[in-house]
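Residue numbering restarts at 1 for every chain, and letters A, B, ... go by the order of the sequence lines. The figures here come from the full heavy-atom set of this structure, side chains too, leaving out hydrogens, waters and symmetry mates. What you see is a predicted model; the values in this text were computed from it and never measured.
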Amino acid sequence: MIRKLVRFLDQRTGTAPILRKSLRYLFPDHWSFLLGEVALYAFIVLVATGTYLALFYQDGTATVTYHGPYVPLQGQHMTEAYRSVVNISTTVKAGLLIRQTHHWAADVFVAAIVLHLLRIFFTGAYRKPREITYWLGLSILIIALLEGYMGYSMVDDLLSGMGLAIGYGVALSIPFFGSNFAAWIWGDPFPGTHQFFSRLYIAHVFIFPALIGALLAAHLGLVAMRHHTQFKMSRRETERKLVGVPMFPGQAPRSLGLFFAVAGVLFLLGGLVQINPIWLWGPFHTYTSTNGAQPDWYLGWLIGALRLVPSFDLVVDGYTLVPNPFWGGVAFPGLVFTFLFAWPLLERKVTGDTAFHNVLQRPREAPWRTAIGVGMVTWVTLIFIAGGADRIDVFFDISYTSQIWAYRVLIWVGPVIAGFVAYRACIELQKGEPVEHDREQAEHEAKAAATVHEVA
Amino acid sequence: MRRLWLTLLCALACAAPAAAASSPSPPLVKQGKSLYGRYCLSCHNMNGEGNYTPQVIGAGPGRDQQQQNAVAPSLRGVGAMAADFYLRTGYMPLQKIGLQPRRSKSPLSSAQIDALIAYVASLGKGPGIPTPHPERGNLSEGMHLFTDNCAGCHQVAIQGGYVTGAVPPALEDADATQIAEAVRIGPFVMPTFSKKQISDRQLDSIIRYVEYSKHPDDRGGWAIGHLGPVPEGLVTWFIAALALVAVCMVIGKRLTSHG
Amino acid sequence: MARAKDLLVSLTLLGIGRRRPKLPSDREPIVPPGDEQPGSELAVIVLLLLTALFSAAFIASYAIDRLPNQTQLMGFSLGLAFLCLASALILIGKRLVVTEEIEEDYPVVEHETEQEAIVQVVADSGSRLTRKRLFKASFGVAGAFLGAALITPAASLGPFLSVDPFYDTTWKRGRRLVDEGGKPYRASDIAEDTFYTAFPEGADKEALPSAVVVVRLPPKAFELPPSLARYPAHGIVAYSKICTHAGCAISLYRAPLFQPDEPKPALVCPCHYSTFDPATGGTVLFGPAGRKLPMLPLEVDAKGFLRAAGTYDGPVGPSWWGVRMRKAKPA
């Protein structure tokens, strides 16, 4: 049966050689190499559930009065967009399940990319010849952040509406052309032209997913063309020799299994754990707001930065050169991504290492890289935590205003300490290895000697 | 027929003294006074006159509350409403001097609180304990009014939050009477909403919405606190990411020690 | 009876009908053989059947109308269906197919001969050109201008050359202040220790310049600069409700009941806790806002209604490069 199918295919397409090569394409085997796949599978779930939702969503900004089944919203004024999502959540069968799965998938998609990025960074996988693959991945991350932001802002509920206003404020804060840029995107000062939600809609369901898809295809294509990196786990792995599990029959069931595991976890969450209950938040109006509003987790680092910057607009002779939100909303993420993009070139310049690398380094083998990476992660994480300082005050009774002052110092001191500790940890772990190796060797020899002795 | 009229007259006659008895009996006030001496006098001073230096109106720290010992407002004319509110919630007697009062278990029994209320009410004519009727309110109107007037501090799903220098509490433990009292009193840094701004009927709707929000429609599953993205992010990392990394570790190899 | 016996026999055969895989004797196996794992086989079959079961449960929970907790049941069943399939596949991967560890060369680092050939083809192709630099420059100029032409229609998305709309407001002298339902405010409606949201009568409530927050302070509380001294009306002041930091609605009013140990009255934004002082013209007390809150001058008309006495003392909303360069424009 298989023979007939393969023959049919090859006669019509001539792809048997490529197919044979693909079937035996080798995957170096380490669990951390699967993190990128988790992101990929989350993306597939996003596209599938998103397509379904797009068939029910209405992008209208016209004001309507709600007369649906959810009592607390009866008679309230809202946009068509918000009402359509309330309908999906209350009236469309399986609508809420698919909507929640979609939102969980978005959160997990970015989390998986971040974990994958951490693995890539701390093992030096971005080194020559894989810089382009790395830069493509970073681009996917940036687009994913924007895509997620647009996705939950399309709903026009109270929380995401506040988030859109902040996005507008951040756009305005760009020096020289912020207002022009914001007016261009929104079509008018906030809340923008009545077509604004149509723009969000098309960007979110078509333009950005197509972008992600294209970049992803290029990213995976490059990985396949240069083949995957590997850890040196035995004597067999070298810069020249790749040791791995072939796609078929070994890797395919594993990867497929991972895909269904991701889908399973996402649908379990989608049905069992409530996410973004927009009927509880109510519709957005420019003149209403609620306490405790936060962006989705992957933008939490930005709200922390926005809250920490002290009160000042940089004004030169009546010209507002740098409005306040610029530092937290543009400069901070700009700095982080510039660091990430520039890192391969920086490291090459400083270490002088221009060789090809197919073998990965364990973090301890590159103490400087690990220390700097840990420092950056600490910086971003502390700012992220600062973004939740008000809830920390509510739960742990620690004054918000005192926390802000503490964080303003901590975010500079913490990374230095963390980086230093990481550096020392790497050095110590490295020192321990020859000792460990000698100890194992000695045990081995002792055992062999004992056996000889017994025989004798 | 005559019997009926007689019964009615008797009922009325009995009701009259009962109505009169709603003004506290002297022994209750006396008991309240002695309790006042024990629990309140040190800050609120003799006869509830308070202990503070009259300040320039509008003065005060711009940011956080000032911590001052034994400074307390006058209780003259605050009425049974304020006493009932502060005592039943356990805001008073103040647990930690100098910090925002927090809801706590009162050291006083319910009977003792009744006595104290009677005493404070006797210090001057003030508002009585309100009797709200949330069942007469409109849930949708309540959500709308709550969003406009209350959500900024108390969060749209009554989870409480922060305002510079204070922590507006979550409202899960507040009963209908306490909500009505708080709205009319405006305790600590809460605004004071009079009947002119929020009518009794509107207040009924707001209370109805708050009661609803204690057990709202959680058709999506485990509500994780009705707070939005913060608990959602925690679930993403500590449940989903953890589970998926575990699956990866089951599927893939782990690094054995270098040999 | 005989039919039942036949069914039972065939099912049993199915259950134990494992066949030893046969290799054609004239070929070397590409994938090496491995030992049997009947336990794992059974487990996988069970998992696959469970997948079918949970999938059916999903279809059932979808189909039954008005099922309580329907979303939870659907998510649970579909999620478990996926997880059972995942477990089956992972089990296959780890126990039922051979996990080969094959060595292979990494692809060649670079193809120097082909690189040279490409460079040569390009170089040879230009043999007829005499003015290569000018050619390249001309193509560059053509490309640049054509590219600019192609992205020009994108300008239609918004008025990005004109910043006039950012100075527009929906207030002007004489406009009455109304509540969300359209009912005009009287000065006597405004009490101390609380806050009100007001809009210009007849204007779009959602426009950023429309919403104002109105509070009343005791006369002695004010410390206004001379330019704003005449903005209050009978102690009532109005400020733009849109935070000058990033544009959220300022829906918090801190109204101390007992001044001596409580912080002074302030308008607070819930997004990043920018705190504004209504007694000093909206100056920033705390938080990241870099600009004071725009203030609306008020007057009380003959009938006692609150009216705007002009427009704000500055443009509303978050700061941008020109926010301090021009006055706010009345409606």
Side-chain angles (χ1 to χ4, degrees), chain A residues 26 93-94 96-97 162 165-166 168-169 172 175-176 178-180 183-184 186-191 226-227 236 240-243 245-246 249-250 253-254 256-257 260-261 263-264 267-268 270-272 285-289 291 293 306-307 309 311-313 315 318-320 323-325 356 358, chain C residues 31 62 71-72 74-76 78-80 82-83 85-86 89-90 92-93 97-107 109 157-161 163 165-166 197 205-206 208 211 241 245-249 251 270-273 284 286-291 317-325:
Chain A
L26 291 183
K93 253 202 200 175
L96 185 59
L97 172 68
M162 291 165 69
I166 296 174
Y168 174 78
L172 277 182
F176 303 119
S179 54
N180 315 70
W184 181 65
W186 266 267
D188 255 342
F190 196 81
R226 289 280 93 180
H227 284 248
R236 299 197 295 161
R240 285 283 172 75
K241 275 261 183 296
L242 164 66
V243 177
V245 177
R254 287 173 158 90
L256 261 177
F260 288 113
F267 273 97
L268 272 181
L272 299 175
H285 297 290
T286 56
Y287 50 86
T288 54
S289 57
N291 207 295
L306 285 171
R307 284 182 177 181
V309 178
S311 153
F312 73 101
D313 279 350
V315 185
Y319 186 89
T320 311
N324 190 280
F356 276 75
N358 290 316
Chain C
V31 181
Y62 175 96
T71 304
Q72 283 72 67
M74 286 196 287
F76 185 71
L78 190 57
L80 281 183
F82 278 127
L83 287 183
L85 182 56
L89 285 164
I90 293 172
I92 293 175
V97 290
V98 179
T99 303
E100 310 155 76
E101 267 200 0
I102 302 180
E103 280 175 34
E104 196 184 76
D105 279 336
Y106 265 104
V109 147
L157 279 173
F160 85 101
L161 285 176
V163 292
F166 287 94
T197 303
K205 293 204 283 277
E206 300 280 353
L208 278 191
K241 198 166 179 184
H245 178 236
C248 298
S251 59
C271 286
H272 314 105
Y273 299 111
V284 179
F286 173 77
R291 196 172 110 244
S319 293
W320 52 283
W321 58 262
V323 77
R324 290 172 171 86
M325 284 166 65

Of all of A:G270, A:P175, A:A94, A:G178, which one pairs up most often with chain C through heavy atoms under 4.5 Å apart? A:A94

Flag the one option from A:D188, A:V245, A:L256 with the top tally of heavy-atom pairs under 4.5 Å to chain C. A:V245

pair A:W184-C:L161: side-chain heavy atoms closer than 4.5 Å: no

Side chain, backbone, both or neither of A:A263 within contact of chain C (heavy atoms, under 4.5 Å): both

Using heavy-atom distances under 4.5 Å, tell me whether A:F312 contacts chain C through its side chain, its backbone, both, or neither. backbone

Return the option, out of C:W321, C:F160, C:Y62, with the maximum number of heavy-atom pairs under 4.5 Å with chain A. C:W321

Heavy-atom donor-acceptor pair, C:E206 side chain to A:T286 backbone, under 3.5 Å: yes

Taking side chain as C-beta onward, heavy atoms only, is A:P249 less than 4.5 Å from C:E100? yes

Of all of C:C271, C:G322, C:G287, which one pairs up most often with chain A through heavy atoms under 4.5 Å apart? C:C271

Measure up the C:Y106 and A:H227 rings against each other and bin them: parallel (under 30°), tilted (30 to 60°), perpendicular (over 60°). perpendicular

Scored by heavy-atom pairs under 4.5 Å with chain A, the best of C:F76, C:F286, C:F82 is C:F82

Partner residues of C:E103 under the salt bridge (Lys or Arg N to Asp or Glu O under 4.0 Å) criterion, sequence neighbours left out: A:R236

Is there side-chain contact between A:R307 and C:P288, with heavy atoms separated by less than 4.5 Å? no

Residues passing the side chain to side chain donor-acceptor pair (under 3.5 Å) test with A:T320, sequence neighbours excluded, are C:R324

Let me know if A:P325 has heavy atoms under 4.5 Å from chain C in its side chain, its backbone, both or neither. both

Between chain C and each of A:L272, A:V309, A:V315, A:L172, count heavy-atom pairs under 4.5 Å; write down the option with the most. A:L172

So, does A:N324 use its side chain to make a donor-acceptor pair with the main chain of C:G290 at under 3.5 Å? no

Pair count under 4.5 Å, heavy atoms only, with chain C: among A:G250, A:P189, A:G169, A:G257, highest is A:G257

Which answer fits A:T288, side chain, backbone, both or neither, if we ask what part of it has an atom under 4.5 Å from a heavy atom of chain C? backbone

Looking only at A:F267, A:Y319, A:Y287, the option with the highest number of non-hydrogen pairs under 4.5 Å against chain C is A:Y287

Does the plane of the ring in C:F166 sit parallel, tilted or perpendicular to the ring in C:W320? Use 30° and 60° as the thresholds. tilted

Considering only heavy atoms, which portion of C:V163 lies under 4.5 Å from any heavy atom of chain A: side chain, backbone, both, or neither? side chain

